[in-house]
Number of protein chains: 2
Amino acid sequence: MTKKTKIRQTGCPVAFGLDIFGDRWTLLVIREIMLRGKRTYSEFMEMEEEIATNILIDRLKALEAEGLVNKTRDPENRRSFLYALTKKGRDLAPILLEIIIWSGAHDARSFALTDVLEKIEADRDGFEHELRSE
Amino acid sequence: MTKKTKIRQTGCPVAFGLDIFGDRWTLLVIREIMLRGKRTYSEFMEMEEEIATNILIDRLKALEAEGLVNKTRDPENRRSFLYALTKKGRDLAPILLEIIIWSGAHDARSFALTDVLEKIEADRDGFEHELRSE
DNA sequence: ATTACATCTTGCAAAATGCAAGCTAATTTA
DNA sequence: TAAATTAGCTTGCATTTTGCAAGATGTAAT
């Protein structure tokens with residue numbers, strides 16, 4: 001796994017968060033799990049943004065190392081693994097939510113998750129609770 | 001300015017947001033403006049995370065190009081410029097807020113903005129409103 | 001005219017990302 | 001039971017981004 005440069009241990013919570021998920025891919029993997037119910041390496045590989053295999057595995061390992069996901073063998077397919085969010089990972093829900101709201105407000109073309117946006121607008125707390133619950 | 005690769009125009013609002021602020025520095029610059037009242041290039045250079053001059057100017061130009069900040073000459077010091085958040089930029093407040101909350105919950109060492117965290121816990125909406133207002 | 005301040009630019013090194021190919025283990029098919 | 005397939009990686013190398021150090025430009029004070 002690529003050594004993650006953390007020059008940011010300044011005690012600032014913004015910097016702390018960015019050290020963990022402030023890159024171009026981590027939150028997209030979280031999105032796949034949280035919003036789309038993806039659970040396996042090959043399911044993640046199907047995301048439309050075309051993540052490279054080495055980057056994906058790197059992010060999955062980093063997420064596991066940081067305690068945001070855990071990895072278990074799939075009992076129903078023993079050559080597969082299941083990645084699931086921990087509480088620490090599920091707690092990213094409000095951040096993802098606010099990003100979606102911001103983009104909804106500022107990008108005319110945010111069409112892909114329109115249904116999600118509508119749900120959020122109708123009942124933000126309900127939607128958030130839905131995301132956080134396993 | 002470094003050409004920003006936006007391979008992510010998939011319509012997903014999460015990807016859209018990350019294309020704009022999903023890197024290791026952009027949200028730290030926003031933090032400087034929003035939480036610390038910084039307004040000039042040299043004030044940004046003083047941040048404790050030690051951003052390089054070329055990266056800083058690159059992010060400022062990108063933020064301006066995306067319409068998140070605007071740049072004006074300082075009327076009181078004509079060799080300086082003032083960077084200020086636009087509405088689109090101020091609308092990032094809830095995202096920053098949620099990052100702070102997440103780190104507050106998951107990092108034992110998030111001491112630097114403890115006062116901010118306490119304010120948020122006491123009155124989230126009030127604090128958010130305070131951030132958003134110029 | 002000289003110095004200082006504030007903002008930026010440039011060149012090069014290091015690190016992260018991206019791409020293509022291939023490798024390993026578990027399982028299915030012939 | 002040997003060959004093919006599936007799932008999850010690993011590796012090597014090219015490209016892009018980031019980081020570092022030095023210097024250039026424009027404004028203002030002495």
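All chains are named by letter (A, B, ...) in the order of the sequence lines, taking the proteins before the strands, and each is independently numbered beginning at 1. Computation of the quantities below employed the complete heavy-atom set of this structure, encompassing side-chain atoms and omitting hydrogens, waters and symmetry-equivalent molecules.
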Exercise. Cation-pi between A:Lys71 and A:Phe81: NZ/CZ under 6.0 Å from ring centre and within 45° of the ring axis?
Worked result: yes
Exercise. Taking only residues two or more places apart in sequence or in another chain, which ones pass side-chain hydrogen bond (donor to acceptor under 3.5 Å, both in side chains) with A:Arg73?
Worked result: none
Seminar exercise, completed: Ranking B:Asn54 and B:Glu43 by the position along DNA chain C of their nearest nucleotide, the one closer to 5' is B:Glu43
Problem set entry | Whole-Å gap separating P (C:dC19) and CG (A:Leu56) | 14 Å
For this session: Output yes when at least one side-chain N/O atom of B:Ser80 is less than 4.0 Å from OP1 or OP2 of C:dT7, else no.
Result: yes
Exercise. In whole angstrom, what separates A:Asp19's CG from C:dA15's P?
Worked result: 16 Å
Exercise. With respect to the side chain of A:Thr53, which nucleotide from D:dT18, C:dC8, C:dA20 is positioned closest?
Worked result: C:dA20
Exercise. Can you tell me if the side-chain N/O atoms of B:Lys71 get under 4.0 Å from OP1 or OP2 in C:dA6?
Worked result: no
Exercise. Salt bridge or not for B:Asp74 and B:Arg79, using N-O below 4.0 Å?
Worked result: no
For this session: Determine, for B:Asp19 against A:Arg24, whether the closest basic-nitrogen to carboxylate-oxygen distance falls under 4.0 angstrom.
Result: yes
For this session: Find the distance B:Ile55:CD1 to C:dC12:P and express it as a whole number of Å.
Result: 17 Å
Exercise. Could you go step by step and tell me if A:Val29 and A:Met47 meet the side chain to side chain contact (heavy atoms under 4.5 Å, CB included) rule?
Worked result: CA-CA 9 Å; A:Val29 174; A:Met47 73 169 92; 4.2 Å; yes
Exercise. OP1 or OP2 of C:dG18 less than 4.0 angstrom from a side-chain nitrogen or oxygen of A:Trp25, does that happen here?
Worked result: yes
Seminar exercise, completed: Regarding the side chain of A:Lys61, the nearest nucleotide among D:dC9, C:dT17, D:dT18 is D:dC9
For this session: Grab the two heavy atoms, one from B:Leu60 and one from B:Val69, that are nearest each other, plus how far apart they are.
Result: O-CG2, 4.2 Å
For this session: Could you tell me the separation between the CD atom of A:Glu50 and the P atom of C:dC19, rounded to a whole number of Å?
Result: 8 Å
Exercise. Do the ring centers of A:Phe44 and A:Trp25 come within less than 6.0 Å of each other?
Worked result: no
Exercise. Among D:dT18, D:dA7, C:dC8, which nucleotide sits nearest the side chain of B:Phe81?
Worked result: C:dC8
Seminar exercise, completed: Atom CD1 of A:Ile57 and atom C1' of C:dC19 are separated, to the nearest Å, by 17 Å
For this session: Produce a footprint string for nucleotides 25-30 of chain C: one letter per nucleotide, 5' end first; B if the base is under 4.0 Å from any protein heavy atom, S if only the sugar-phosphate is, - if neither.
Result: -BBS--
Exercise. Across the strands shown, which category fits A:Tyr83 at heavy-atom distances under 4.0 angstrom: base, sugar-phosphate, nothing?
Worked result: sugar-phosphate
For this session: Would you kindly give the CG-to-C1' distance between A:Asp74 and D:dT6, to the nearest whole Å?
Result: 13 Å
Seminar exercise, completed: Rounded to whole Å, CD1 of A:Ile51 lies from C1' of C:dT17 at a distance of 10 Å
Exercise. To the nearest Å, how far apart are A:Arg59 CZ and D:dT10 C1'?
Worked result: 16 Å
